[in-house]
Amino acid sequence: MLALMAAGCIFFPGVFLLSKHALKQKMGWSRGEADIVSARLVSSIQAIMASAAGFIITSSCRDVMEDSHWLTDNYILFATPYFAYDIYAMFLCYRHRLQVKGHEEEEEEEEEGEGGIRWASVGGYLRREKLMVLHHIFMVTCCFPASQMWRQGKGDFFQGVLFLAELSTPFVCLGKVLIQYQQQHTVLHKVNGVLMLLAFFCCRVLLFPYLYYAYSRYASIPVYVVPLVAPWQCNLGAALLWPLQLYWFTLICRGALRLSSTGGCSKSTCKADNDCCLSSSNGCRKRT
């Protein structure tokens, strides 16, 4: 258990640092650009690994409640440190977006070097990205203990389906990178946008309805009865997580409509953190 968590603590920050170093030394990128692309690379890698694990688990479990797979608990242990690491990685992206928006003075005051991180910047980050930060904290403090102790080795199929929710993340990350380099007018960005909408809708918006539907088939009861017989922890988790997915999907749809109606943003109106950009909360948000 500790070995897997330690491996996760080393793997995700390690890939981030290696990627950042390579982009700065080999490509000559700035620290901020290297931070953002490296963070999105790590998010994509984690998402691909989680999706692969989810596919293996769900395709192996015939009985949705009783069948188990060794990969379920092992990947939970390995991936949990990612959510703690990603809170810091998102903060680095936030700092770079401040610089892109013209806050050079604030950025200079926030230089890490020997000094440390300015607490005012931390406060601004927590206010701007509070939903995503709370989501990550919830995953570590609530979902991890529930998955490891409360399940008691049952329901690996459902855990595998939850892993598949990460399938939309690589499309979101690619969209952010394309917009960062003002490629929102390209065919690749448009195709990626369509795939992102479909993946997010199928893997996140429909996720919890499908979980209730799958259990209704297993128990041979109507879907509307499932919330009445399901453990309260399951209902609470769905009540907390599903609205976030709906909210982020709404933001993504708004961004897609805005881009389609304007035909894409011009260089003068779309910077790395402008109206057309995808936020770190997996959706589109108008920056103020």
Side-chain angles (χ1 to χ4, degrees), residues 1-16 19 40-86 135-136 138-140 142-174 192 195-219 226 230-231 233-234 237-238 241-242 244-245 282:
M1 176 176 176
L2 292 178
L4 285 171
M5 294 193 71
C9 290
I10 295 172
F11 178 78
F12 296 112
V15 173
F16 173 80
S19 174
R40 290 166 185 170
L41 174 63
V42 174
S43 294
S44 297
I45 291 174
Q46 193 282 139
I48 292 171
M49 294 172 63
S51 300
F55 176 78
I56 293 171
I57 294 167
T58 54
S59 60
S60 300
C61 296
R62 303 303 177 186
D63 188 307
V64 300
M65 286 300 298
E66 299 299 330
D67 286 357
S68 61
H69 195 283
W70 64 269
L71 191 55
T72 307
D73 288 339
N74 288 331
Y75 189 74
I76 291 173
L77 290 169
F78 176 75
T80 295
Y82 162 79
F83 294 98
Y85 140 82
D86 198 45
H135 173 269
H136 280 33
F138 180 78
M139 294 296 292
V140 174
C142 298
C143 293
F144 169 69
S147 299
Q148 286 296 296
M149 295 176 286
W150 174 73
R151 286 192 312 115
Q152 297 180 345
K154 294 185 177 182
D156 281 23
F157 173 84
F158 295 105
Q159 191 65 57
V161 174
L162 291 172
F163 288 159
L164 288 173
E166 294 292 333
L167 190 60
S168 63
T169 301
F171 301 108
V172 174
C173 291
L174 177 58
N192 180 75
L195 294 175
M196 178 180 65
L197 281 170
L198 292 175
F200 202 98
F201 181 74
C202 294
C203 299
R204 290 182 179 266
V205 174
L206 296 183
L207 173 66
F208 292 100
Y210 175 75
L211 292 176
Y212 281 82
Y213 168 74
Y215 186 81
S216 73
R217 291 190 60 187
Y218 167 79
V226 175
Q233 295 93 333
C234 294
L241 293 176
W242 195 38
L244 283 177
Q245 313 309 320
N282 290 354

Side chain proximity check, [X] to [Y], heavy atoms < 4.5 angstrom:
X      : Y      : value
Leu206 : Phe200 : no
Ile57  : Gln159 : no
Phe158 : Val161 : no
Arg151 : Thr72  : yes
Pro170 : Ile48  : yes
Phe11  : Met49  : yes
Tyr85  : Cys9   : no

State, to 0.1 Å, how close [X] and [Y] come at their nearest heavy-atom pair, and which atoms those are.
X      : Y      : result
Leu77  : Phe144 : CD2-CE1, 3.6 Å
Cys173 : Ser44  : CB-OG, 3.4 Å
Gly153 : Asp156 : O-OD1, 3.8 Å
Pro145 : Cys142 : CD-O, 3.2 Å
Ser51  : Glu166 : OG-C, 3.6 Å
Ser60  : Asp67  : O-OD2, 4.4 Å

Using 0.5 Å steps for rounding, measure from the [atom1] atom of [X] to the [atom2] atom of [Y].
X      : Y      : atom1 : atom2 : answer
Ser147 : Leu162 : OG    : CG    : 7.5 Å
His135 : Leu241 : NE2   : CG    : 5.5 Å
Tyr215 : Leu211 : OH    : CG    : 12.5 Å
Leu198 : Leu167 : CG    : CG    : 11.0 Å
Met139 : Ile76  : CE    : CD1   : 9.0 Å
Phe16  : Tyr82  : CZ    : OH    : 11.5 Å

Note to self: Given 3.5 Å as the limit, does a donor-acceptor pair link the side chain of Arg204 with the main chain of Gln245, or not?
What the structure shows: no
Margin query: Taking Tyr213's backbone N and O only, do any of them form a donor-acceptor pair with Ser216's side chain (distance below 3.5 Å, no angle check)?
Written below: yes
Next item on the list: May I ask you to decide if the ring planes of Tyr75 and Phe163 are parallel, tilted or perpendicular, using 30° and 60° as cut-offs?
Entry: perpendicular
Check: Between Phe83 and His136, what is the ring plane arrangement, given parallel below 30°, perpendicular above 60°, and tilted in between?
Finding: perpendicular
Next item on the list: For residues Phe78 and Phe12, establish whether the separation of their ring centroids is below 6.0 Å.
Entry: yes
